[in-house]
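These values consider heavy atoms only, across backbone and side chains, with no hydrogens, waters or symmetry-generated copies. Labels below follow one simple rule: chain letters A, B, ... track the order of the sequence lines, proteins then strands, and each chain is numbered from 1.
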There are 2 protein chains.
Amino acid sequence: MTDTNTALHADAARPSRREQILRAAAQLFAERGSRAVGVDDVGAAVGVTGPAIYRHFASKDAMLAEMLLRISERLLEGGTSRVAATGDDPMAQLRTLIAFQVDFALDNPALITVHDRDLGSLSAEEAAQVRRLQRRYVEVWVDVLGRVHPESDAATNRVRAHAVFGLVNSTPHSAGRLPRRRTAALLAAMAEAAATA
Amino acid sequence: MTDTNTALHADAARPSRREQILRAAAQLFAERGSRAVGVDDVGAAVGVTGPAIYRHFASKDAMLAEMLLRISERLLEGGTSRVAATGDDPMAQLRTLIAFQVDFALDNPALITVHDRDLGSLSAEEAAQVRRLQRRYVEVWVDVLGRVHPESDAATNRVRAHAVFGLVNSTPHSAGRLPRRRTAALLAAMAEAAATA
DNA sequence: CCCGTTCGTGAACCACCGTTAACATCCCCG
DNA sequence: CGGGGATGTTAACGGTGGTTCACGAACGGG
């Protein structure tokens, strides 16, 4: 039971297996949904039988939980740090956030998909923890949007934030239709136009 | 085996049970995902035991299939008819499409959620049929966007269309935060700004 | 009034899948 | 060299859940 924190330094310490499994699982979960993917499927994807996974994860749910927690942490950490690293011009901060979200969505379409589809498959506590992180990330956006739109209240800016997420996170649906640079530029321009409307 | 077309006139002919089941199932599927919802759950939601559902549907998958087909048909039909009923000013057509999609998304957040989450839980043929309808609906948008952006190719406008869908379909995430009129106006304004960016 | 259709019930069946157990391998460290 | 931890394998267990079956009640028309 000394495994609670292994997740924190997992990818740094060990480049293999456990990480392979998480990556393969993310891909499969995104394609079919976590409930439709069997432990054997995940195992097969990394050249191993199903039960072997239990040498690396306590359960299938624990896999999903770690996946979603990592995503939420990366988004929150990346968002806050980039806003902090930008001057206090609201529009500059907004552009930074948009660029970050676009890059993330283009780099990890599978994670984006799993992130907002399989939250419901988590235990109550884990789901709550993920939601806490998500909420804090949304608040980063709401703060910036609040300075871009001083006339709007927080509720309005929350709707704005979710709308922009929806726009940018459409990458799984339009993957590979255009060269990445073009897609990134287009989505960023659309997101900025939407966020400032 | 004379049931292939019952779906077409189902809601018109019979206001009850079968429709109750579909509505309840849509709600439950949206909340937890179709795989996580048992036949007994759906039955209980309409005051009936699980197996009773098989008096109205051939299988659980058939339920989901009919649900997704109806959604896709409603969108395609509504989109094409409204565009046809609008003059040939591209911007007017675009605004009509946006208003239609916003209304649909605000009226049926559950259907929106199920629509792009549980497609993978369908048999190959049914999934293909739904995708055909979706594609045709996207093409309606792409055509209009093509006249708004004569400089862009179809691939670019497809990405645009998906981005706008993502924006508008964020309603399940921001449900009830603002009065409906406000949300509708905000989303429409954002969508138009994004689509014309 | 009675028969067939419709709609429902509870019990049982069966396949699938997450999980555990018992047993091999490999490899590094003392 | 020898033993123990990490990593896998196969077989088996057990619960869950979709589906079927045999049966009952309501009900409308000949």
Side-chain angles (χ1 to χ4, degrees), chain A residues 1-7 9-11 13-26 28-29 31-68 114 118 120-123 126, chain B residues 1-3 6-7 9-11 13-26 28-29 31-68 114 118 120-123 126:
Chain A
M1 283 295 187
T2 62
D3 57 355
T4 317
N5 52 355
T6 36
H9 40 266
D11 57 347
R14 178 161 339 173
S16 250
R17 219 17 59 116
R18 187 179 165 94
E19 290 308 310
Q20 287 179 33
I21 293 176
L22 269 182
R23 256 189 284 276
L28 290 173
F29 286 2
E31 288 167 4
R32 308 181 215 164
S34 68
R35 300 258 180 182
V37 176
V39 173
D40 290 346
D41 298 327
V42 177
V46 298
V48 152
T49 63
I53 289 183
Y54 290 85
R55 297 293 170 190
H56 305 276
F57 295 93
S59 69
K60 190 188 162 190
D61 282 345
M63 264 184 53
L64 180 62
E66 182 167 336
M67 220 168 99
L68 294 186
V114 177
D118 294 70
S121 305
L122 255 53
S123 75
E126 294 164 328
Chain B
M1 283 297 182
T2 62
D3 57 354
T6 37
H9 40 268
D11 57 347
R14 182 167 327 179
S16 252
R17 218 19 59 113
R18 186 179 165 95
E19 290 307 310
Q20 287 178 33
I21 293 176
L22 269 181
R23 257 190 283 276
L28 289 173
F29 286 2
E31 288 166 4
R32 309 180 213 162
S34 68
R35 300 259 179 181
V37 175
V39 171
D40 291 347
D41 298 327
V42 177
V46 298
V48 152
T49 62
I53 289 182
Y54 290 84
R55 297 292 170 190
H56 305 276
F57 295 94
S59 68
K60 188 188 165 192
D61 283 344
M63 263 184 54
L64 180 62
E66 182 168 335
M67 222 169 96
L68 295 185
V114 177
D118 294 72
S121 304
L122 255 51
S123 74
E126 294 165 328

*Nearest to the side chain of B:Ala52, which nucleotide is it out of C:dT9, D:dG8, C:dG18?*
C:dT9
*Which nucleotide sits closest to the side chain of A:Lys60: C:dG18, C:dA21, D:dT19?*
C:dG18
Establish, with yes or no, whether the OP1 or OP2 oxygen of [N] is under 4.0 angstrom from a side-chain nitrogen or oxygen of [X].
X: A:Arg17; N: D:dG8; result: yes
X: B:Thr49; N: C:dG8; result: no
X: B:His56; N: C:dT6; result: no

Within this structure, what is the [atom1]-to-[atom2] distance between [X] and [N], rounded to whole angstrom?
X: A:Leu28; N: C:dC17; atom1: CG; atom2: P; result: 14 Å
X: A:Phe57; N: D:dT7; atom1: CZ; atom2: C1'; result: 14 Å
X: B:Tyr54; N: C:dG10; atom1: OH; atom2: P; result: 17 Å
X: A:Gln20; N: D:dG8; atom1: CD; atom2: C1'; result: 14 Å
X: A:Leu64; N: C:dT19; atom1: CG; atom2: C1'; result: 17 Å
X: A:Ile21; N: D:dA6; atom1: CD1; atom2: P; result: 16 Å

_Positions of residues 31-45 of chain A (non-hydrogen atom under 4.0 Å from DNA chain C), listed by number_ = A:Val37, A:Gly38, A:Val39
_Flag, side chain of A:Lys60 to backbone of A:Ser34, donor-acceptor distance under 3.5 Å_ = yes
*With no hydrogens and no angle check, is any side-chain donor or acceptor of B:Arg32 less than 3.5 Å from a backbone partner on B:Val37?*
no
_Letter per nucleotide, 5' to 3', of nucleotides 22-27 of chain C [B base touched, S only sugar-phosphate touched, - untouched; heavy atoms, 4.0 Å]_ = B-----
